[in-house]
Amino acid sequence: MQTDMKLTAEQAMEARHSVRKYDPNEAIPRGVLNEILRLAATAPSSWNLQHWRFLVVTDQAQKERLLPIARGQEQVVKAHAAIVILADLEADKSARPVYDGALAQGYVSEQVRDTMISQIENAYRDNPQLARDEAIRNSSLAAMQLMLAAKAKGYDTCPMCGFDREKLIQAFNIPSRYLPSMIITLGKASAPAHPTQRFGLDELVIENSF
C-alpha cells in the first residue's frame with residue numbers, strides 16, 4: 001500500500017534507483033499519479049516552451065502491446081504505468097499560447113511577449129537540428145523530475161531507452177510532432193534495484209578549465 005512517507009529532495013535523490021522488478025498488484029491512485037505528473041511538468045525549459053508530453057500507459061492490454069516493442073522487458077507489464085516521454089519537435093508552436101497566457105496573467109508586457117515569440121520563431125525557422133536538440137534536452141529535464149517526484153511519493157521508476165521507436169510510434173498512433181525519447185516504468189518495487197558503482201567527484205569535476 002502507498003505510505004504517507006515524505007522525503008526531502010536530497011533523500012529522494014539518494015533513494016532513487018532504477019527498479020526493474022515491480023509488484024503488479026500495487027496500484028497507484030490516479031490522484032497520486034496525476035500529482036507526480038504535475039510535479040514533473042514544473043521542470044524548467046528553454047523559453048518556457050515545455051517540450052514534453054506524457055503518454056501514460058496503464059491499461060494492461062496496452063502494456064502487453066508495449067512489451068515486444070520494449071524488447072521483452074517485463075517491467076513494462078508489471079509496473080503500474082509505463083510512461084512514454086514525448087519530446088516536442090515543434091515546441092515553437094507553443095510560443096504564442098505560452099506568452100499570450102503570460103500576458104493575460106500580467107507576467108509579461110506586450111513588448112516582452114512579442115520579443116520572445118519573435119526570438120523563438122527565428123531560432124526554430126529552418127533549423128530542425130535545434131528543434132530536435134531542444135526537444136530531447138528539455139523533455140529529459142521533465143523525465144528526471146518525474147522520477148524524483150515518484151520517489152518522493154514512495155514509488156519506483158526505471159528510465160528505458162531500449163525500445164523500437166518506429167514500432168512504438170505506429171502502435172500508439174504518435175503524431176510526427178512528438179519524438180519518443182524514453183519510457184519510464186512507474187510502480188512499487190517487488191525487489192530492490194541492483195547496486196551501482198558511482199564515480200567520485202575527483203573523477204567528475206573539472207575546476208575552471210582542463
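Throughout, residue positions are numbered sequentially from 1 according to the sequence presented.
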> For Arg71, check salt bridge (charged side-chain N to carboxylate O under 4.0 Å, His left out) against everything at least two apart and list the hits.
none

> Check the pair Leu179 / Leu86 against side chain to side chain contact (heavy atoms under 4.5 Å, CB included), numbers first and verdict last.
CA-CA 5 Å; Leu179 176 72; Leu86 300 175; over 6 Å; no

> Any heavy-atom pair between the side chains of Val77 and Glu64 that's under 4.5 Å?
yes

> Heavy-atom count around Glu10 CD within 6.0 Å, excluding the residue itself: above 12?
no

> Roughly how far, to the nearest 0.5 Å, is CG of Asp164 from CD of Gln170?
8.0 Å

> CG/Asp92 to CZ/Arg125 distance, rounded to the nearest 0.5 angstrom?
9.5 Å

> Counting only heavy atoms from other residues, nucleotides and ligands, does the tally under 6.0 Å from CD of Gln11 exceed 12?
yes

> What closest approach, in Å, do Ile28 and Gly187 show between heavy atoms, and which atom pair accounts for it?
CD1-CA, 4.1 Å

> Is there side-chain contact between Ser139 and Asp88, with heavy atoms separated by less than 4.5 Å?
no

> Mind checking side-chain hydrogen bond (donor to acceptor under 3.5 Å, both in side chains) for Tyr124 and listing every partner two or more places apart, or none if nothing turns up?
His51

> Do Ser46 and Glu134 meet the criterion of a side-chain donor-acceptor pair at a distance under 3.5 Å?
yes

> Tyr155 and Val32: side chain to side chain contact (heavy atoms under 4.5 Å, CB included), yes or no, with the steps?
CA-CA 10 Å; Tyr155 293 102; Val32 176; 3.8 Å; yes

> Please find the pair of heavy atoms, one from Thr157 and one from Ala150, that lie closest to each other, and give the distance.
CG2-CB, 3.7 Å

> Taking only residues two or more places apart in sequence or in another chain, which ones pass salt bridge (charged side-chain N to carboxylate O under 4.0 Å, His left out) with Glu35?
Arg38

> For the residue pair Leu67 and Gln73, what are the closest heavy atoms and their distance?
CD1-O, 3.4 Å

> What's the verdict on side chain to side chain contact (heavy atoms under 4.5 Å, CB included) for Ile120 and Tyr99, showing C-alpha distance, side-chain angles and the deciding distance?
CA-CA 11 Å; Ile120 293 163; Tyr99 285 97; 3.9 Å; yes

> Tell me, please, which residues at least two apart from Lys93 pass salt bridge (charged side-chain N to carboxylate O under 4.0 Å, His left out).
Glu90

> Let me confirm one number: the CD-CG distance from Glu110 to Asp100, rounded to the nearest 0.5 Å.
9.5 Å

> Measure the CH2-CG distance between Trp52 and Leu146 for me, rounded to the nearest 0.5 Å.
11.5 Å

> Checking Thr42 against Gln145 for the side chain to side chain donor-acceptor pair (under 3.5 Å) test, could you report, in this order, the C-alpha distance in whole Å, the side-chain angles of both residues, the deciding distance, and whether it holds?
CA-CA 8 Å; Thr42 67; Gln145 199 146 297; 2.7 Å; yes

> I'd like to know if the side chain of Arg20 and the backbone of Cys158 have a donor-acceptor N/O pair within less than 3.5 Å.
no

> Does Gln119 have more than 12 heavy atoms from other residues, nucleotides or ligands lying within 6.0 Å of its CD?
yes

> Please check if Ile136 and Tyr178 belong to a single hydrophobic cluster, counting links between Ile, Leu, Val, Met, Phe, Trp and Tyr side chain heavy atoms closer than 4.5 Å.
no

> Tell me whether the count of non-hydrogen atoms from other residues, nucleotides or ligands lying under 6.0 Å of CZ in Arg132 goes above 12.
no

> Taking C-beta and beyond as the side chain, do Lys78 and Thr185 meet within less than 4.5 Å on heavy atoms?
no

> Applying salt bridge (charged side-chain N to carboxylate O under 4.0 Å, His left out), can you list everything that pairs with Lys63, at least two apart in sequence or on another chain?
none

> Working to the nearest 0.5 Å, report the span between CD1 of Ile184 and CG of Asp156.
13.0 Å

> Centre of Tyr22's six-membered ring, under 6.0 Å away, within 45 degrees of the axis: is that where NZ or CZ of Lys188 sits?
no

> To the closest 0.5 Å, what do you measure between CH2 (Trp47) and CG (Asn138)?
9.5 Å

> Using the six-membered ring of Phe172, assess whether NZ or CZ of Arg65 lies under 6.0 Å from its centre and within 45 degrees of the ring axis.
yes

> Cut-off 3.5 Å, no hydrogens considered: what does the side-chain donor-acceptor table look like for residues 191-210, sequence neighbours left out?
residue : atom : partner : partner atom : Å
Thr196  : OG1  : Arg198  : NE           : 3.2

> Restricting to non-hydrogen atoms, name the atom on Ile85 and the atom on Phe54 that form the minimum distance, rounded to 0.1 Å.
CD1-CD2, 3.8 Å

> What are the two closest non-hydrogen atoms of Lys153 and Ile36, and how far apart are they?
CG-CG1, 3.9 Å

> Just by modelled atom types, is the Asn48 backbone N or O under 3.5 Å from a matching donor or acceptor in the Gln50 side chain?
yes

> For Val56 versus Ala81, what's the shortest heavy-atom pair and its separation?
CG1-CB, 4.5 Å

> If you define the side chain from C-beta out and look only at heavy atoms, does anything of Leu168 sit under 4.5 Å from Leu66?
yes

> Are Ile83 and Leu39 connected in a single hydrophobic cluster, I mean Ile/Leu/Val/Met/Phe/Trp/Tyr linked by side-chain heavy atoms less than 4.5 Å apart?
no

